[in-house]
Amino acid sequence: MPTPRPKLHREFFAIDRADAAWTPVPSSAGHIEEIVLADNFDPATGTGSRTRLARWSAGALIDRPVVHDFHEEVFIVEGDFVVGCDAEGQGGESFGAYTFACRPPGALHGPFTTRGGCVLFEICAY
């Protein structure tokens, strides 16, 4: 099995939450942005992990269920996050700040939306 490249050592540091610090997530049409906090995630080799903040704008939508080959932990820092909506973002169960999900590889989850926007703390790991 490949060895993951090491994560950088980072002691406590301030997180710049200004708009300029957020990077658009590819394929999200600019509705989801991220600040990567620690990263050695490598899907090509199936190694490593990524820790990030993800900011969803109001109405952002992932319109179909997703499944992936890594562990995922999600903590809602602020806002609302709707799980199990339809492809138009209707229905589903809404969760608020200080709720948590832990998903093993292969777990089918979603679709997702947010009515008012949210910030998620996420850890993805092989």
Handout entry: Same apolar cluster: Val25 and Val66, side chain cutoff 4.5 Å
Key = yes
Exercise for the section: Sequence neighbours left out, what pairs pass ring pair (Phe, Tyr, Trp, His ring centres under 6.0 Å) with at least one residue falling in residues 106-126? Expected result: Phe41-Tyr126, His68-His109, Phe70-Tyr126, Phe81-Phe112, His109-Phe112
Handout entry: Residues clustering with Leu108 (ILVMFWY side chains joined when closer than 4.5 Å, directly or via others)
Key = Val67
Exercise for the section: Check side-chain contact (heavy atoms from CB on, under 4.5 Å) between Ala58 and all other residues, then give those that pass, not counting sequence neighbours. Expected result: none
Practice task
Check salt bridge (Lys or Arg N to Asp or Glu O under 4.0 Å) between Asp86 and all other residues, then give those that pass, not counting sequence neighbours.
Solution key: none
Exercise for the section: Quick one: list whatever passes side-chain contact (heavy atoms from CB on, under 4.5 Å) with Ala21, sequence neighbours left out. Expected result: Asp16, Ile35
Exercise for the section: Determine which pairs satisfy salt bridge (Lys or Arg N to Asp or Glu O under 4.0 Å) with at least one residue from residues 105-117, sequence neighbours left out, and list them in order. Expected result: none
Handout entry: Test side-chain hydrogen bond (donor to acceptor under 3.5 Å, both in side chains) applied to Ser49 - qualifying residues, sequence neighbours left out
Key = Lys7
Practice task
Would you list the pairs meeting salt bridge (Lys or Arg N to Asp or Glu O under 4.0 Å) in which at least one residue belongs to residues 24-36, sequence neighbours left out?
Solution key: Glu33-Arg55, Glu34-Arg52
Practice task
Would you please name every residue forming a ring-ring contact (aromatic ring centres under 6.0 Å, His included) with Phe13, sequence neighbours left out?
Solution key: none
Problem - Contacts of type side-chain hydrogen bond (donor to acceptor under 3.5 Å, both in side chains), residue Asn40, not counting sequence neighbours - result: none
Handout entry: Same apolar cluster (I L V M F W Y, side chains within < 4.5 Å links), Ile32/Val74
Key = yes
Completion exercise
Rounded to the nearest 0.5 Å, the OG1 atom of Thr114 sits from the NE2 atom of His31 at a distance of 12.5 Å
Practice task
Measure the spacing between CG of Leu8 and CG of Leu37 and express it to the nearest 0.5 Å.
Solution key: 12.5 Å
Handout entry: Over 12 non-hydrogen atoms of neighbours within 6.0 angstrom of CZ in Arg17
Key = no
Practice task
Supply the atom-to-atom distance Ile62 CD1 to Ser28 OG, rounded to the nearest 0.5 angstrom.
Solution key: 8.0 Å
Problem - In one Ile/Leu/Val/Met/Phe/Trp/Tyr side-chain cluster, 4.5 Å: Phe75, Leu120 - result: no
Exercise for the section: Apply the test side-chain contact (heavy atoms from CB on, under 4.5 Å) to residues Thr113 and Trp56: give CA-CA distance (whole Å), side-chain angles for both, the deciding distance (0.1 Å), then the verdict. Expected result: CA-CA 9 Å; Thr113 191; Trp56 291 47; 5.7 Å; no
Fill in the blank from the handout: All heavy atoms of Cys85 vs all of Val82, minimum pair found to be CB-CG1, 4.2 Å
Exercise for the section: Sort and list the pairs that fulfil salt bridge (Lys or Arg N to Asp or Glu O under 4.0 Å) and have at least one residue in residues 61-81, not counting sequence neighbours. Expected result: Glu72-Arg103
Let me have the donor-acceptor pairs involving side chains of residues 88-102, under 3.5 Å, with sequence neighbours excluded, atom names and distances please.
unit_1	atom_1	unit_2	atom_2	d
Thr99	OG1	Gly96	O	2.6

